[in-house]
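Throughout, protein chains are lettered first and strands after them, A, B, ... in sequence-line order, and every chain is numbered starting at 1. Side chains included, hydrogens not; waters and symmetry mates left out as well; all remaining heavy atoms used. As the structure is a prediction and not an experimental result, all values here were calculated from the model.
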Amino acid sequence: MTRNDDIRVRYAPSPTGKQHIGGARTALFNWAYARRHGGKFLLRIEDTDEGRSTREYETAILEGLAWLGLDWDEGPDIGGPHGPYRQSERYARYTEMAQLLEAKGAAYRCFCTTERLDQLREAQEKNKEKPAYDGKCRDLQPAERATRLAAGEPAVLRFKVPAGATSFTDLIRGEVVFQNKEVDDWVMVRADGTPIYNFAVVCDDVDMRITHVLRGEEHLTNTPKQILLYQALGLAFPTFGHLPLMLGTDGKKLSKRTGDTALQDYRDKGYPKKAIVNFLCLQGWALDGKTEVFGIDELVRNFDPTQVSKAGAVFDLDKFRWLAGEYLRKEPLEELFEHCAPYLVASGRVGREELVTRRAWLLQALALEKDRLHIYSELPERLTWAFAEDRAVVYSEAALINVRKQTDWKGTLSAYLEWLRPKLSDRVAKDALRDATKAWVAERKLKMPALFQPLRCALTGEAGGPDLFDSIELIGAERALVRLETALVRMA
RNA sequence: GGCCCCAUCGUCUAGCCAGGCCUAGGACACCAGGUUUUCAUCCUGGCGACAGGGGUUCGAAUCCCCUUGGGGUCACCA
């Protein structure tokens, strides 16, 4: 592992909503980069949109990242040498920087009203011109500017984009060049004195000594604006790396239209966290091209931003579900039970106190279904048969079809029931019963399905499921007998 | 529409930067077998891609150009 104490990266979420799954990947990659090189990973809250930012979202975002297994060296909750780490607490600093830039002539006051700007944009769109600020206030005479300011006329601060071109070497994309004339004289500070994103970001990245900026590709066009600002300040800009977007099945930026977009959504659905981390790693990055299942430690040992894919990655729920199953099945039973328990309660099939009083039974049930689970929330549904009313087991169509395939299934089942009844009363052990049953079938020169299909349907109503003797053991001899007896008249 | 980015199986990707080892590898999904009392797991096999066209070169998935296609972005949001 190479060590570079100077590396400082950050993840800067905006607390205007739940943690986006794509942002979680950005955070993960930044974190891994810092950890791999012994650098620092920091968190900064970008809450300059006061109308939409809330402290609740901020707390939830931090909690979500921590849950994933990330930790940070500096942040709003723990502070650090370059704080505060909440933009809303850094306004004095932005004002200072704004004044500096204005004094340098790198920025200017603009008195244009929202109405004029709207009209301008409308006209430009009508004439099929690119919508951009026309520079009306760019060369205002100092005297006029001072007069209007003194009169209290509202004014924003715009960045004065110089002529020329701006280029940088993106860690992922290589050389990227923008002609400055394509860059608008963008607003840095609102009329009310609060900073705009592109301005605040640069101030903070400068103050926080950020060396590498790994962020989503949607920020690519912000980069020249930010670089120009560093240059106006006479500072070197950090290394940028723009991660490929995470796409929905429609090929567009992941949105609620095509699926869940929040980290919390997947957490709520019961995806194992290690599976989430692993899956996120696979979106745009590969360990070695062959290994699909690997942990966060492998990411840290191997993550290299220059190896990240350039093309967007479609979020493949099928693969995610498969990966979830891989991790779920690796969990020790007790641990898995803790993870599934909330869903059992939520389903209404198990009372909160039963989690304790019937723990042994529930654990046994979980053990039976474990192989069929992918995510925690699937357990209640999978256990429908075990919770069923014994006289009203619901027979699925698939199970019934399997039953009808067997000639004289009713005769077989009723004969088997008579044979079975005393053995259940005598509490014959599960394994012995299984062996004896197979012998019973063989003696009658029947195929196994001739008995097992009707038996399965009668006992569980389903076409698939755990071993039948394990199932009988779970629900108990008495309940099993009731199910078999009623099946003789109900199953058809 | 302007600008920017991108382009290998349906999907995630390896290979590309340092051309030959690529009759393009792995994984998910799908299909077919095997195992099983069934389902799931597991095992085996199959299907399936270098967007198109020009170059450069002895040789191109790999380098260059064009076309086409897709995406992102164009706020006193972040």
Using atom [atom1] of [X] as one end and atom [atom2] of [N] as the other, report the distance to the nearest whole Å.
{"X": "A:Lys319", "N": "B:A27", "atom1": "NZ", "atom2": "P", "result": "9 Å"}
{"X": "A:Lys130", "N": "B:C4", "atom1": "NZ", "atom2": "C1'", "result": "13 Å"}
{"X": "A:Lys310", "N": "B:G71", "atom1": "NZ", "atom2": "C1'", "result": "16 Å"}
{"X": "A:Arg456", "N": "B:C39", "atom1": "CZ", "atom2": "C1'", "result": "7 Å"}
{"X": "A:Leu220", "N": "B:G72", "atom1": "CG", "atom2": "P", "result": "13 Å"}
{"X": "A:Leu247", "N": "B:G70", "atom1": "CG", "atom2": "C1'", "result": "9 Å"}
{"X": "A:Leu451", "N": "B:U38", "atom1": "CG", "atom2": "P", "result": "12 Å"}
{"X": "A:Arg257", "N": "B:G71", "atom1": "CZ", "atom2": "C1'", "result": "16 Å"}

OP1 or OP2 of [N] sitting under 4.0 Å from any side-chain N/O of [X]?
{"X": "A:Thr48", "N": "B:A78", "result": "yes"}
{"X": "A:Arg190", "N": "B:C77", "result": "yes"}
{"X": "A:Lys181", "N": "B:G2", "result": "no"}

Taking pairing as Watson-Crick or G-U wobble with both contacts under 3.5 Å, can you name the mate of [N], or confirm there isn't one?
{"N": "B:A7", "value": "B:U68"}
{"N": "B:A49", "value": "none"}
{"N": "B:U36", "value": "none"}
{"N": "B:G2", "value": "B:U73"}
{"N": "B:G19", "value": "none"}

(message) Less than 4.0 angstrom from a charged side-chain N to a carboxylate O is my criterion; do A:Lys130 and A:Asp184 meet it?
(response) no

Under 4.0 Å, heavy atoms only, any strand: does [X] hit a base, just the sugar-phosphate, or nothing?
{"X": "A:Ala311", "answer": "sugar-phosphate"}
{"X": "A:Arg121", "answer": "sugar-phosphate"}
{"X": "A:Asn222", "answer": "base"}
{"X": "A:Gln179", "answer": "nothing"}
{"X": "A:Glu326", "answer": "sugar-phosphate"}
{"X": "A:Ser309", "answer": "sugar-phosphate"}
{"X": "A:Gly325", "answer": "nothing"}
{"X": "A:Val189", "answer": "nothing"}
{"X": "A:Thr221", "answer": "base"}
{"X": "A:Gly465", "answer": "base"}

(message) Taking salt bridge (Lys or Arg N to Asp or Glu O under 4.0 Å) as the criterion, tell me which of A:Lys225, A:Lys160, A:Arg138 meets it with A:Asp185.
(response)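 Among the candidates, only A:Arg138 passes.
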
(message) What residues from residues 370-387 of chain A pass a heavy-atom cutoff of under 4.0 Å to RNA chain B?
(response) A:Asp371, A:Arg372

(request) Assign the ring pair A:Phe168 / A:Phe240 to parallel, tilted or perpendicular, where the plane angle (0 to 90°) is split at 30° and 60°. (result) perpendicular

(request) Could you label the plane-to-plane angle of the A:His212 and A:Tyr33 rings as parallel, tilted or perpendicular, counting under 30° as parallel and over 60° as perpendicular? (result) perpendicular

(request) Let me know, please, whether A:Gln307 or A:Glu125 comes out on the 5' side of the other along RNA chain B by nearest nucleotide. (result) A:Gln307

(message) Quick check on RNA chain B: between A:Glu182 and A:Arg25, whose nearest nucleotide comes earlier from the 5' end?
(response) A:Glu182

(request) Using side chain to side chain contact (heavy atoms under 4.5 Å, CB included) as the criterion, point out the one residue from A:Ile196, A:Val156, A:Leu101 that pairs with A:Met188. (result) A:Leu101

(message) Say we look at B:U68 and B:A29: how far apart would their P atoms be, to the nearest angstrom?
(response) 38 Å

(message) Say we look at B:U35 and B:C43: how far apart would their P atoms be, to the nearest angstrom?
(response)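 After rounding to an integer number of Å, I get 16 Å for this pair.
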
(request) Report yes or no: is the cationic atom of A:Arg434 (NZ for Lys, CZ for Arg) closer than 6.0 Å to the six-membered ring centre of A:Phe469, at no more than 45° off its axis? (result) no

(message) When you compare the ring of A:His219 with the six-membered ring of B:G72's base, are the centres less than 5.5 Å apart and the planes under 30° from each other?
(response)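 No, A:His219 does not stack on the base of B:G72.
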
(message) For a 4.5 angstrom cut-off between non-hydrogen side-chain atoms, does A:Tyr108 reach A:Arg145?
(response)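 No, every pair of side-chain atoms sits at 4.5 Å or beyond.
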
